[in-house]
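Chain identifiers are assigned alphabetically (A, B, ...) following the order of the sequence lines, protein sequences preceding nucleic acid strands; residue numbering begins at 1 within each chain. Note that the structure is predicted; figures quoted are calculated from it, not measured.
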2 protein chains.
Amino acid sequence: MKKKVTIRDVADYAGVSRSTVSYVLNGVNKMSNNTKEKVMKAIKELDYQPDFTAISLSKKKSNIIGVIIPSFDDSLAPIFKENHYYTEILGGMEYVFRKHNYDLLISGMREPEDCKSWIQRRNLDGLIFLGLFPERLYAEIRLLDCPIVLMDYYGKHGDLYHNIRVDDEQGGYLATKHLIDRGHTRISFVGHDLTNISVDVNRLNGFKKALQEANLPVDEDLLFDGRGSFYEVGHQMGTKLLELGDKVTAIFASSDILAIGINKALQEHKKEVPKDYAIVGFDDLAISSYSVPSLTTIKQNVFNKGVISAQTILDIINQESSTPANITLPVELVVREST
Amino acid sequence: MKKKVTIRDVADYAGVSRSTVSYVLNGVNKMSNNTKEKVMKAIKELDYQPDFTAISLSKKKSNIIGVIIPSFDDSLAPIFKENHYYTEILGGMEYVFRKHNYDLLISGMREPEDCKSWIQRRNLDGLIFLGLFPERLYAEIRLLDCPIVLMDYYGKHGDLYHNIRVDDEQGGYLATKHLIDRGHTRISFVGHDLTNISVDVNRLNGFKKALQEANLPVDEDLLFDGRGSFYEVGHQMGTKLLELGDKVTAIFASSDILAIGINKALQEHKKEVPKDYAIVGFDDLAISSYSVPSLTTIKQNVFNKGVISAQTILDIINQESSTPANITLPVELVVREST
DNA sequence: TGTTGTTTTTAAATCCATGTAGTGAACCGG
DNA sequence: CCGGTTCACTACATGGATTTAAAAACAACA
């Protein structure tokens, strides 16, 4: 095991002081070309790799961003397993962070105190909250003294933070209007975790708006909501829908996984999609086009959402953006076989 | 912005030296109970959080494990997007690491040199290689002087590393035998990236073994292989299979996503599964049961694979395990609607 | 009381970089 | 040739912990 090459070795080898090496490395532009070359040569010949740990300690900056995802059951596994929305978004973040030499730390979260100590212990440069957390968390994290970006937050502390969302209401509207345009008048809405600050409420609002615009009644009996596994909820709701008989001919599900669960339940009961029931989902995850029939859905560019959240937090860190801003990304209807 | 509480503050507050605080914190058992209590009290009252960065620098240990995933197109996004195998496994790792106060850093990889410098810069305590990399990488990483765990590696450097796999050959065998038991004699194999050291080769071997055992010929024309997007490959191969007419009645796909692509293509051409074609996949990802029809598949406990790889690398770090060992986990046939 | 041995405690060096404050040399105009 | 400025570079303190080696405190015994 050979010893690690440090800045000191480079300095000695090049016959200069450590500060000089540091300056050359950090591009402080006042060294002579001669010295600069000597140092670069030494760095190359010794294969010197600066130590991020030492840099972090010295600069009080870790080049690490923490991403916090709500975990249940003390593990992220069920979320990773089912909700590909999260993993797709992480892909977008990783793409940006890698380019800027940042690393990405992922953690599930139990208590607000946990993220506080996580920041302090790891010297995190920023925190991205991905998903919906208990409302009191948003009050507490304000005190964290660390750049924060929220995603999909609709609660009352929204003005305090940078916030990336898509136009959920417009999405609900487009989905529902599409079904209406196809001639459907008895449309059901299936949501998940429909609290008053979730994305689903906004998708539901879009749903209602489209109905009203078409002078169709909003039948409360056709609105569904569930907790737990998205697929399971969809599957159960699909079965429930069947009991309603011809009171329903179309379904807007607030997420693709829900829609896929519904689709599965309907087909298990020998119903045909889209002949017997039309279904529209939301998200446009990869699996939506794999599905049989492929799923009409509201596409949100999840990858791009990850990219933008990453860029936003880097902007805050570099002081290029300071006043909290809501960024709302557009959505788009993608028509496939399920309608 | 209040200043961070350091070990020095704790020491002053408790009226002892910094070393004493450090000793108490690290459980070096030679302090008097009296001092111990004083220090603990100070820690609690000042809400002291030890700084991992400083600890890393001092101990040369970061409590961070790097997970390297093959990336194409300079981004992990396509992989995260499509191949849920990776994300499910990450869930298992995160579960273990969280319990042990380790964090998980994820990175795509381009060159072996990149991981070398990543380890050095971040002082990583261990590295897990998830997926298949160019063979020369496995020769080079041996020199890294850092605990390493491989997953799904079948190459010639296997003896040098701890290696977690499932019984791929047995899986291929079980899948194929199941199809044979169902009366199929003309069975096609669809693989992905079928190099001579991939998991797929072993699944193919199992496939061949089952055929031979049943005295069925191995028809090279029925063996397929593709590169790129799993779903796309499956979809293309599905279309190709149709051209073979009744030369094929059943398909064993070496991964669920392939199977789902095949299924989609077949159904687009009005073929019925399992009536016209029986399909068996491999992995048992969550989406396999969502699929229409739900997919018969070889279940590998992906979550558990993540758990075991995480535990293994922690064991190496804690010197509880030193000689490289292959761990082969069992697989299991899950029969669903597609056969 | 002095000697020896053990247990606690601490001062100071270390880990590896950054960055402030300061040094000496070259250069300038007068 | 002198005072002032600029330039190129360096010594050293700093960040927050660990850890070695040494000092202090205490105990036991003659």
I'd like to know whether Asp125(B) forms a side-chain contact (heavy atoms from CB on, under 4.5 Å) with Ile65(B), so could you lay out the CA-CA distance, the side-chain angles of the two residues, the decisive distance to 0.1 Å, and finally the verdict. CA-CA 6 Å; Asp125(B) 292 344; Ile65(B) 306 291; 4.2 Å; yes
Check for a donor-acceptor pair, side chain of Asn101(B) on one end and backbone N or O of Asn63(B) on the other, with a separation under 3.5 Å. no
Just how far, in rounded Å, is P of dC15(C) from CZ of Arg121(B)? 22 Å
Could you tell me the separation between the CG atom of Asp9(B) and the P atom of dG15(D), rounded to a whole number of Å? 11 Å
Between P on dT18(D) and CZ on Phe52(B), what's the gap in Å once rounded to a whole number? 11 Å
Over all strands shown, is Thr35(B) touching base, sugar-phosphate only, or nothing at heavy-atom distances under 4.0 angstrom? sugar-phosphate
Can any side-chain N or O of Lys4(B) pair as donor or acceptor with the backbone N or O of Gln120(A) at less than 3.5 Å? yes
Under 6.0 Å between ring centres, would you say that holds for Tyr161(B) and Phe129(B)? no
To the nearest angstrom, the CG-C1' distance between Asn33(B) and dT7(C) comes to 13 Å
Determine: side-chain N/O of Lys60(B) to OP1/OP2 of dC16(C), distance under 4.0 Å, yes or no. yes
Within 45° of the six-membered ring axis of Phe52(A) and under 6.0 Å from that ring's centre, is NZ or CZ of Arg121(B) located there? yes
Mind checking if Ser32(A) touches a base, just sugar-phosphate, or nothing, with heavy atoms under 4.0 Å? sugar-phosphate
How many Å lie between CG on Asp12(B) and P on dG16(D), as a whole number? 13 Å
Can any side-chain N or O of Tyr138(A) pair as donor or acceptor with the backbone N or O of Phe133(A) at less than 3.5 Å? yes
Please give, in whole Å, the distance from dA17(D) P to Asn123(A) CG? 10 Å
Where each residue is assigned the nucleotide of DNA chain C containing its nearest heavy atom, which of Gly15(B) and Leu57(A) is assigned the position nearer the 5′ end? Gly15(B)
Can you give one letter per nucleotide of nucleotides 17-27 of chain C, going 5' to 3': B for a protein heavy atom under 4.0 Å from the base, S for sugar-phosphate only, - for none? BBBB-------
Whole-Å distance between dC9(D) C1' and Lys36(A) NZ? 14 Å
Taking the side chain as C-beta and beyond, is there a heavy-atom pair between Lys61(A) and Ile317(A) under 4.5 Å? yes
